[in-house]
S.K.: 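Next up is a structure, given as structure tokens.
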Number of protein chains: 2
Amino acid sequence: MTDEEWRPPEVLLAVDLVILTLRSSRLHVLLVERGIEPYAGAQALPGGFLNNASEDIAVAAERELREEAELDASRLHLEQLGTYGAPDRDPRGRVVSVAYQAIAPGLPSPVAGTDAAAAEWRPVDDVDSGRLKLAFDHERILADGLERARGKLEHSSLATAFCAEVFTISELRQVYEAVWGVPLDQRNFSRKVQGVPGFIVPAGTPRRTTGGRPARLFRAGPRETLDPPLTRPAPSRTREVTE
Amino acid sequence: MTDEEWRPPEVLLAVDLVILTLRSSRLHVLLVERGIEPYAGAQALPGGFLNNASEDIAVAAERELREEAELDASRLHLEQLGTYGAPDRDPRGRVVSVAYQAIAPGLPSPVAGTDAAAAEWRPVDDVDSGRLKLAFDHERILADGLERARGKLEHSSLATAFCAEVFTISELRQVYEAVWGVPLDQRNFSRKVQGVPGFIVPAGTPRRTTGGRPARLFRAGPRETLDPPLTRPAPSRTREVTE
DNA sequence: GCAAAAGTGTTATGGATACACCCATGC
DNA sequence: GCATGGGTGTATCCATAACACTTTTGC
């Protein structure tokens, strides 16, 4: 406020990405092996600094998504997760990181590409259980991203972002089961999602058989917020009531 | 990645505050009149730049809360809302703002103080309806904060942050009615909140009469997440189903 | 025919709503 | 006593959960 000579301090602004996907019914996150110090050799979330002083933060997130993961931001869900700016989080100096969360459909090949050679899909369980350590405060960022995803499945159509453009209800259910970590009744789930207007809409030819009756195909509907929501089973609740 | 000579750009980091409270059953936000350009004379959210390069962002938010609103961060709810960094959001240059949301109990006097002379509580309706214009992108920040608050009332104990240390169930209900903008049945609400274990706990002498039977007093319980949640009535849902 | 996966029907239960009714205080 | 606000009881309704059953394919 009182600015005679005083000038506000400048900081370095970085963008980090929590990119989640489903591979063989398990939740995975994209990690890169760091090539330079600090934390050289450690696993970290993809990310980087702003390109120049006039680059928009969201644009920088899309650029990193393209450069490090070879993913097209216009084809997947991307939202801001939070900003992490503890003074000592990066030994190089004052780096403030804006974390973004991306949800990608399951992809056939990992990310074998040009610039993204170091990137690999890792099961989130490996990080959760402590088997895999991440650089900086990236474990916290990932944890926040997972928590956000779990919550958003209930109230938003985020789950369809894990699926290909057309998908079956079973595939959608597997998303919920993987992210929530609970089994769901296939029959009730089917009716429930179809009961939410605008969540999923039928998509053409019901053919994609894996040995049983072919499932009908759907694609994501226009609705972003689910009403009524899909409530996840609450083991904690029933336990507490019994006592 | 390829850093021969290249250095990442630096940005100015600001903190803005969405401070909400309840005054005479209406939701208010704290606004300050800007004294300097840009937007001199306009209403804006309280906020400011980092003090120095090693100040933590959350600490800066607490400091602004103290300086501009004379509120003690340790006594109220404070959480990060989001980061706003469009390149053209501030004509002075590249300013990235980390927005924080604070919830304060209704206070007797507004904020008549020393440094916070320019701060005033304003009904959020005045901004919502367009009667009151805000500087920068602060209308969007406020809108995001309101949306966040509305959602969090359902799943968290945020509502108690609007109340004094001890409060009646009616007072708590008024919080929900003001933030959601809907009337709630006093009797069902009473049972519902008491049915959530750990949400509110009895607090001593039931005395605070305004002409009727004295209400029992409560204080916030240990629980942060509500299980089961308090669902808000959905007028949109019933309307859409009928059509 | 048989296995496998998808989809439909039915029922019991529990929570939410919408009330009527009772309680405790000030005046 | 009576007005005023706080608290409890209860019937109805509807969404959910649990499960049996039918349908449609590949082999």
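Each chain gets a letter, A, B and so on, in the order its sequence line appears, and its residues count up from 1. The figures here come from the full heavy-atom set of this structure, side chains too, leaving out hydrogens, waters and symmetry mates.
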S.K.: Do Arg173(B) and dG6(D) share a donor-acceptor pair, side chain to base, under 3.5 Å?
M.R.: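 Counting by modelled atom types and ignoring angles, no donor-acceptor contact under 3.5 Å is found here.
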
S.K.: Let me know the distance between CZ of Arg213(B) and P of dG6(D), rounded to the nearest Å.
M.R.: 10 Å

S.K.: Hey, does the side-chain of Arg191(B) have a donor or acceptor N/O within less than 3.5 Å of a partner on the base of dT10(D)?
M.R.: yes

S.K.: Over all heavy atoms of both residues, which pair between Pro233(B) and Val182(B) is shortest? Give the atoms and the distance, please.
M.R.: CG-CG2, 3.9 Å

S.K.: Can you check whether Lys192(B) has a side-chain N or O nearer than 4.0 Å to OP1 or OP2 of dG15(C)?
M.R.: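 Checking dG15(C) against Lys192(B), no side-chain N or O comes under 4.0 Å of OP1 or OP2.
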
S.K.: Among the nucleotides dT23(D), dT8(C), dA16(C), which one has an atom lying closest to any side-chain atom of Arg187(A)?
M.R.: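 Within the option list, the nearest is dT8(C).
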
S.K.: Classify the angle between the aromatic ring planes of Trp180(B) and Tyr176(B) as parallel (below 30°), tilted (30 to 60°) or perpendicular (above 60°).
M.R.: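 If you compare the ring of Trp180(B) with that of Tyr176(B), the planes turn out perpendicular.
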
S.K.: Between Leu217(A) (CG) and dT25(D) (P), how many Å, whole number?
M.R.: 13 Å

S.K.: Crowded around Arg140(B) CZ? As in, over 12 foreign heavy atoms under 6.0 Å?
M.R.: no

S.K.: Could you check Thr231(A) against Ile169(B) and say which one's nearest nucleotide on DNA chain D is further toward the 5' end?
M.R.: Ile169(B)

S.K.: Nearest whole Å is fine: how far is dA15(D) P from Asp185(A) CG?
M.R.: 18 Å

S.K.: Give me the atom names and distance for the closest heavy-atom approach of Ile141(B) to Leu45(B).
M.R.: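 Result for this residue pair: CG2-CD1, 3.8 Å.
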
S.K.: Can you tell me how far C1' of dT17(C) sits from CG of Leu230(B), to the nearest Å?
M.R.: 14 Å

S.K.: Could you tell me how far apart Asp227(B) (CG) and dG14(C) (P) are, to the nearest whole angstrom?
M.R.: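 Value for this atom pair: 17 Å.
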
S.K.: Once you apply a heavy-atom cut-off of 4.0 Å, does Ser170(A) come out as touching a base, just sugar-phosphate, or nothing?
M.R.: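 Answer is sugar-phosphate: Ser170(A) comes under 4.0 Å of backbone atoms only.
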
S.K.: When the distance from CG of Asn188(B) to P of dA11(D) is rounded to whole Å, what number comes out?
M.R.: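 Between P of dA11(D) and CG of Asn188(B): 15 Å.
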
S.K.: Nearest to the Pro214(B) side chain among dT8(D), dT10(C), dT25(C), which nucleotide is it?
M.R.: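 When the side chain of Pro214(B) is considered, dT25(C) is the closest of dT8(D), dT10(C), dT25(C).
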
S.K.: Can you measure Gln186(B) atom CD to dT17(C) atom C1' for me and round it to whole angstrom units?
M.R.: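 Interatomic distance, CD of Gln186(B) to C1' of dT17(C): 15 Å.
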
S.K.: Measure the shortest side-chain to side-chain distance between Thr21(B) and Leu30(B) over non-hydrogen atoms and say whether it is less than 4.5 angstrom.
M.R.: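 When only atoms from C-beta onward are counted, Leu30(B) and Thr21(B) do not touch, as no gap falls below 4.5 Å.
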
S.K.: To the nearest Å, how far apart are Glu154(A) CD and dA15(D) P?
M.R.: 18 Å

